Amino acid sequence: MIGLIDCNNFYASCERVFNPKLEGKPIGILSNNDGCIIARSNELKPLIPMGMPAYQIPSKIRKQIILLSSNYELYGDMSQRVFDTVQNHTPNIELYSIDEAFIRLDGFADITAHCLKIKNVVKRDTGIPVSIGIAPTRTLAKLANHIAKKQAIYQNVYCLPTDEKSLKNILETFSINNIWGVGRHIANKLNRINIHTAWDLRQANLKYIRNNFSVTLERTVLELQGINCIKLDDLSTAKKNIMISRSFGRLTSKLFDLQEAIRLHASRATEKLRQQQSVASAILVFLKTNRFCDNSSQYHPSIVVPLSFPTDDSRLIISAAQKGLLAIYKQDFLFMKSGVMLLDLKIKNRYSQLDCFATPLANPSLHKNDKLMKTIDTINQKMGKNTIQLGGIQKSAPWQIKRQLLSKRYTTDWNELPLVK
DNA sequence: TGGGAAGCT
DNA sequence: AGCTTCC
């Protein structure tokens, strides 16, 4: 059996661990730039829909609720604590997202009892409430988790029945909108051919689904039937591309602002590249104007700049990015967002083995570059982001993201530890 | 008026 | 390259 463990209202719960006054209150977490609602406590859910832009919140409601900027340093660290704790009780764990993981539950006599114990230990040791859904496949475990969360009698741990009749009763009341892998568009299309519930979809004709939808949805149907066919990448599998992009806290048309932003994005992307021990063959640079502004002219350029050989050297990648920026920049637009994407990533060592034109016994200057990059990474890891930067000095710029409602980094910064009085 | 990644067509 | 999905 497979369990899906999911943290309840994760971001809101993290904030509550260190600020108990938030307990029982309607709280919401905002996206970057304090833009829109990306997480809600249970108390907020009836008041505000997911994804609502902050400026659209009626002022009457705004007064009764607490909004916070997203604090990813805190959430990332809490996530690690939660899943370290889980791992102590079920070693076989697949991390899926910042607040979810699948666990293998074979070999436990009473699976539900074991999961109740995990739930309690995680709450005791980290302060985070979790729900666990149990079923034969990942898709069904997600479904079971949904029930565990929604129906109070299960106390957040629910094991899906396996006998056909009970299963039918459950799936017949479960809307396809809540099935993992079925989004809004697919759900509408399915409704049109009279498939409304998880049971309907489970009975659907596989060939028909594959021909009229996709192999992905076909897999979902199989998983609903109890046949495992969705595998997850484990954490060690390298990404195929790496993107960094941010909206500006304030629109800008200045080349200098864009150069600084692109430099930081390219730096950060290349750090991630080195972390997964890959090299990039090309970099894409893009700009966007404000797409919500009807009366200003729109311009969404992008360009791919090939690198003369696959590399993970920040200096080469930053300068290629700047070259790309100059090629697409036009001064008479107000830009809203910029970003870079590293493309066609390859495993670093494999590349050097295959490169028959490389100087034998490694070019000493290449080796020196590696050491330089490693040194920069180590210092930045120890002393904090951007302690060493390449070719930039701006500490804070007007275009940087807005985070006016940020809580402290209680667990990752010596200067922001919680005080006990 | 978010950001990052993947797979399919 | 564009669309859809996930969180």
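Any value given below was found using the heavy atoms of this structure, including those in side chains, with hydrogens, waters and symmetry copies removed. Note that the coordinates shown come from a computational prediction; the quantities given were computed from them, not determined experimentally. Throughout, protein chains are lettered first and strands after them, A, B, ... in sequence-line order, and every chain is numbered starting at 1.
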S.K.: Can you tell me how far P in B/dT1 sits from the matching atom in C/dC7, rounded to whole Å?
M.R.: 25 Å
S.K.: If you check every side-chain atom of A/Glu100, which of C/dC7, B/dA6, B/dC8 has the closest atom?
M.R.: C/dC7
S.K.: Between B/dA5, B/dG7, C/dC7, which one does the side chain of A/Lys240 approach most closely?
M.R.: B/dG7
S.K.: Under 4.0 Å between a Lys/Arg side-chain N and an Asp/Glu carboxylate O for A/Glu73 and A/Arg403?
M.R.: no
S.K.: Given B/dG4, B/dC8, C/dC6, identify the nucleotide with an atom nearest to the side chain of A/Tyr96.
M.R.: C/dC6
S.K.: Quick test of your reading of the model: are A/Arg202 and A/Glu164 salt-bridged, counting only N-O distances below 4.0 Å?
M.R.: yes
S.K.: At under 4.0 Å between heavy atoms, what does A/Tyr11 touch on the DNA or RNA strands: base, sugar-phosphate, or nothing?
M.R.: nothing
S.K.: Consider the side chain of A/Asp99, meaning its heavy atoms from C-beta on, and name the nucleotide among B/dA5, C/dC7, B/dG2 that approaches it most closely.
M.R.: C/dC7
S.K.: Are A/Lys408 and A/Glu416 close enough for a salt bridge, meaning some N to O gap below 4.0 Å?
M.R.: no
S.K.: For a quick test of reading the model: is some side-chain N or O of A/His185 closer than 4.0 Å to OP1 or OP2 of C/dT5?
M.R.: yes
S.K.: Is it true that A/Arg274 and A/Glu271 make a salt bridge, defined as a side-chain N closer than 4.0 Å to a carboxylate O?
M.R.: no
S.K.: Does a nitrogen or oxygen in the side chain of A/Ser31 sit under 4.0 Å from OP1 or OP2 of B/dT1?
M.R.: no
S.K.: B/dA6, OP1 or OP2 - any side-chain N/O from A/Asn241 closer than 4.0 Å?
M.R.: yes
S.K.: When you measure from the side chain of A/Arg246, which nucleotide among B/dG3, C/dC6, B/dG2 comes out closest?
M.R.: B/dG3
